[in-house]
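Structure record follows, encoded as structure tokens.
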Amino acid sequence: MSRRVLAAALIGAIPFTLMTAPAAQADHRPLRLLGEQTVPNALLYQGTVVGGLSSIDYDPRTGEYALICDDRSAINPARFYTAKFSLDAKGLGPVTFTGTKPLLRPDGTTYPPLAKNDPAQPPNMQTIDPEELRVDPWTGHYLWSQEGERSAAALIDPSIREAKRDGSYVRDLPIPDNEKMTATAGPRQNLVLEGLTFAGFGSLVASSVEGPLRQDGPEPTTTSGALSRITLQSRFGPVLAQYAYPQDKVFASPNPPGAFATTGVSSLLAVDQADPTRYLVMERAFVTGVGNKIRIYEIDTKGATNIAETPSLTDAKKVKPVKKRLLADLSDFKLSTVDNVEGMTWGPRLPGGERSLVLVSDNNFSATQVTQFIALAVPSERL
């Protein structure tokens with residue numbers, strides 16, 4: 001978004017729906033590529049196929065990483081993995097998986113694939129679409145999000161759930177009514193709770209939907225961006241605020257024309273646990289015939305409008321969205337490929353004050369994609 005257009009939007013002079021949203025420009029201080037590693041496709045580990053890794057989080061209790069798999073129990077029961085690798089100023093070492101557990105329902109059973117939903121189970125305990133997992137800094141439990149379902153087969157609400165380290169169910173956090181699936185409103189299919197992070201020393205939970213809610217306007221196109229929502233709530237449940245996030249437009253036209261093209265928010269990460277207003281947002285895009293575009297932004301919610309009680313952003317002429325600043329575009333690094341990167345976490349602090357940022361890609365269990373781990377060094381002055 002240009003500064004002139006953004007300034008006009010922030011004072012409510014023109015509705016967002018009339019704007020285009022060019023990507024913000026990165027600062028002159030570059031991030032450094034520390035290294036990358038790939039995991040063999042169709043790797044078998046403890047009776048499961050490794051793939052679909054859509055999030056990653058560092059676990060300070062073990063020095064390892066927790067990763068959720070977005071397999072909807074189609075290949076193996078919905079699950080998470082733990083893994084370890086070396087990471088320092090010299091680079092990123094090979095990835096070794098150290099464990100996997102299925103995510104469980106309150107009765108201790110695994111989640112079924114969509115085609116085998118059990119009508120005896122409550123609607124919110126039917127099939128799931130896991131997307132992001134974070135290690136709870138207070139308890140060491142796992143907090144994880146899933147996208148639910150919007151199709152002719154079912155309407156299943158998304159959810160944010162807590163699990164013990166063995167995958168057993170603890171509780172659901174409430175989600176805002178505007179993020180629940182209804183016939184005419186709520187999230188679009190597969191554009192739901194992709195982003196999740198703790199903030200405020202673990203007292204707060206922030207989450208983000210991948211794309212605009214149906215009532216908030218159309219999805220981004222090659223000519224205009226869109227507004228999606230970021231929700232801030234207490235770890236104990238109550239929703240405290242929602243903010244509008246200005247998504248980039250689709251970065252290129254598909255080839256052939258009319259083929260699939262999409263963009264959206266795939267991960268959310270608090271910059272500093274002491275500051276509940278600053279986050280990293282990953283925008284992941286794919287355009288047929290062109291490829292992937294992965295950008296990471298720093299955002300600040302200070303001064304943004306609380307839209308928790310705003311029914312629709314299409315009519316919100318005075319909504320002030322969060323401020324965003326480009327931190328990194330993966331096309332600027334000498335990577336073997338830029339695949340479907342979906343997850344990010346802070347790794348260990350590096351000598352000289354740099355922070356390591358670790359990314360992971362979801363290979364969609366496809367032979368033409370890769371499970372890719374990437375480590376970047378972020379100068380302390382950048383954040």
Tell me whether R278 contacts the main-chain N or O of D272 through its side chain, where contact means a donor paired with an acceptor under 3.5 Å. no
State plainly whether one hydrophobic cluster holds both V360 and Y65, where clusters connect Ile, Leu, Val, Met, Phe, Trp and Tyr through side-chain heavy atoms under 4.5 angstrom apart.
yes
### Within-4.5 Å side-chain heavy-atom neighbours: N292 and T337
no
inquiry  = Checking D216 against S228 for the side chain to side chain contact (heavy atoms under 4.5 Å, CB included) test, could you report, in this order, the C-alpha distance in whole Å, the side-chain angles of both residues, the deciding distance, and whether it holds?
reply    = CA-CA 8 Å; D216 286 340; S228 58; over 6 Å; no
Under the criterion side chain to side chain contact (heavy atoms under 4.5 Å, CB included), I'd like the reasoning laid out for D136 against R235: C-alpha separation, chi angles, the key distance, then a yes or no. CA-CA 10 Å; D136 188 330; R235 67 175 288 120; 2.6 Å; yes
Checklist entry - Quick one: does S266's side chain get under 4.5 Å of M344's, heavy atoms only? => result no
State yes or no: do L268 and L326 share one hydrophobic cluster built from I, L, V, M, F, W and Y residues joined by side-chain heavy-atom distances below 4.5 Å, directly or via other members?
yes
Output for pair (D332 CG, L33 CG), nearest 0.5 Å, gives 11.5 Å
Shortest non-hydrogen pair, L133 vs S55, comes out as N-OG, 3.0 Å
Q.
Taking Q121's backbone N and O only, do any of them form a donor-acceptor pair with Q126's side chain (distance below 3.5 Å, no angle check)?
A. yes
Query raised in the report: Are M125 and Y142 co-members of a hydrophobic cluster defined by side-chain heavy atoms under 4.5 Å apart?
Result: yes
_Would the distance check show the side chain of R150 and the main-chain N or O of L155 forming a donor-acceptor pair, the cut-off being under 3.5 Å?_
no
Determine whether a donor-acceptor pair (N or O, by modelled atom type, separation under 3.5 Å) exists between the side chain of S234 and the backbone of F236.
yes
Go through the steps for L330 and L376 under the test side chain to side chain contact (heavy atoms under 4.5 Å, CB included), then give the verdict.
CA-CA 10 Å; L330 293 194; L376 304 176; 4.3 Å; yes
dist Y58:OH -> E64:CD (nearest 0.5 Å) comes out at 9.5 Å
Closest heavy-atom pair, K249 versus T222, reported as atoms and distance to 0.1 Å, is CD-O, 3.4 Å
Query raised in the report: Do we see a donor-acceptor contact under 3.5 Å between the side chains of Q372 and D339?
Result: no
**Study point:** Sub-4.5 Å side-chain heavy-atom contact between M282 and R295
**Key:** no
Minimal heavy-atom distance between P276 and G200, with the atoms involved, is CB-N, 4.4 Å
Inset, instruction - Could you tell me whether a side-chain N or O of Q233 sits under 3.5 Å from a main-chain N or O of I175, the two making a donor and an acceptor? - result: no
Checking N306 side chain against Q242 main chain: does a donor-acceptor pair fall under 3.5 Å?
yes
| Going through the distances and angles, do L232 and Y279 end up as a side chain to side chain contact (heavy atoms under 4.5 Å, CB included)? | CA-CA 12 Å; L232 188 67; Y279 301 88; 3.5 Å; yes
Treating N255 as the side-chain partner and V290 as the backbone partner, does any N or O pair qualify as donor plus acceptor under 3.5 Å? no
* Taking side chain as C-beta onward, heavy atoms only, is L34 less than 4.5 Å from L92? -> no
Tightest non-hydrogen contact, residues A244 and V319, listed as CB-CG1, 3.8 Å
### Side-chain donor or acceptor of E132 paired with backbone N/O of S145 under 3.5 Å
no
One should read off an interatomic distance between L31 CG and E354 CD, to the nearest 0.5 angstrom, of 8.5 Å
One thing to verify: whether D300 and K302 come together as a salt bridge, which I'm taking to mean a side-chain N less than 4.0 angstrom from a carboxylate O.
yes
Do R165 and D59 make a side-chain contact, defined as non-hydrogen atoms from C-beta onward lying under 4.5 Å apart? yes
Exercise for the section: Look only at the side chain of N363 and the backbone of G51, and say whether a donor-acceptor pair between them is shorter than 3.5 Å. Expected result: no
Check: S208 and V281 side chains under 4.5 Å, non-hydrogen atoms: no
Rounded to the nearest 0.5 angstrom, the CZ-CG distance for R284 and L359 is 13.0 Å
When every non-hydrogen atom of D157 is compared with those of Q146, the smallest separation belongs to O-NE2, 3.2 Å
Practice problem: Examine the side chains of Y81 and Q46 and answer whether a donor and an acceptor come within less than 3.5 Å of each other. | Solution: no
To the nearest 0.5 Å, atom CE of M181 lies from atom CD of Q189 at 6.0 Å
Check: Which of parallel (below 30°), tilted (30 to 60°) and perpendicular (above 60°) describes F97 and F373?
Finding: perpendicular
Assess, by modelled atom type and distance only, whether the side chains of S168 and D166 contain a donor and an acceptor separated by less than 3.5 Å. yes
- Query: Among the clusters formed by ILVMFWY side chains lying less than 4.5 Å apart, do Y169 and V135 turn up in the same one?
  - Reply: yes
Taking E162 first and then R171, would you say they form a salt bridge - that is, a charged N and a carboxylate O separated by under 4.0 Å? yes
Note: E147 and N190 closest approach over all heavy atoms is OE1-OD1, 2.9 Å
- Any K293 side-chain heavy atom under 4.5 Å of D248 side chain: no
Heavy atoms, side chains only, cut-off 4.5 Å: are L173 and L143 in contact? yes
Same cluster (ILVMFWY, side-chain, under 4.5 Å), L196 and L193
yes
| said: The test is side chain to side chain donor-acceptor pair (under 3.5 Å); show your working for T345 and D57 and say whether it passes. | reply: CA-CA 5 Å; T345 185; D57 203 38; 3.1 Å; yes
Between the CG atom in L104 and the NZ atom in K164, the distance rounded to the nearest 0.5 Å is 11.0 Å
| query | Any sub-3.5 Å donor-acceptor pair from E36's side-chain atoms to L335's backbone N or O? | reply | no
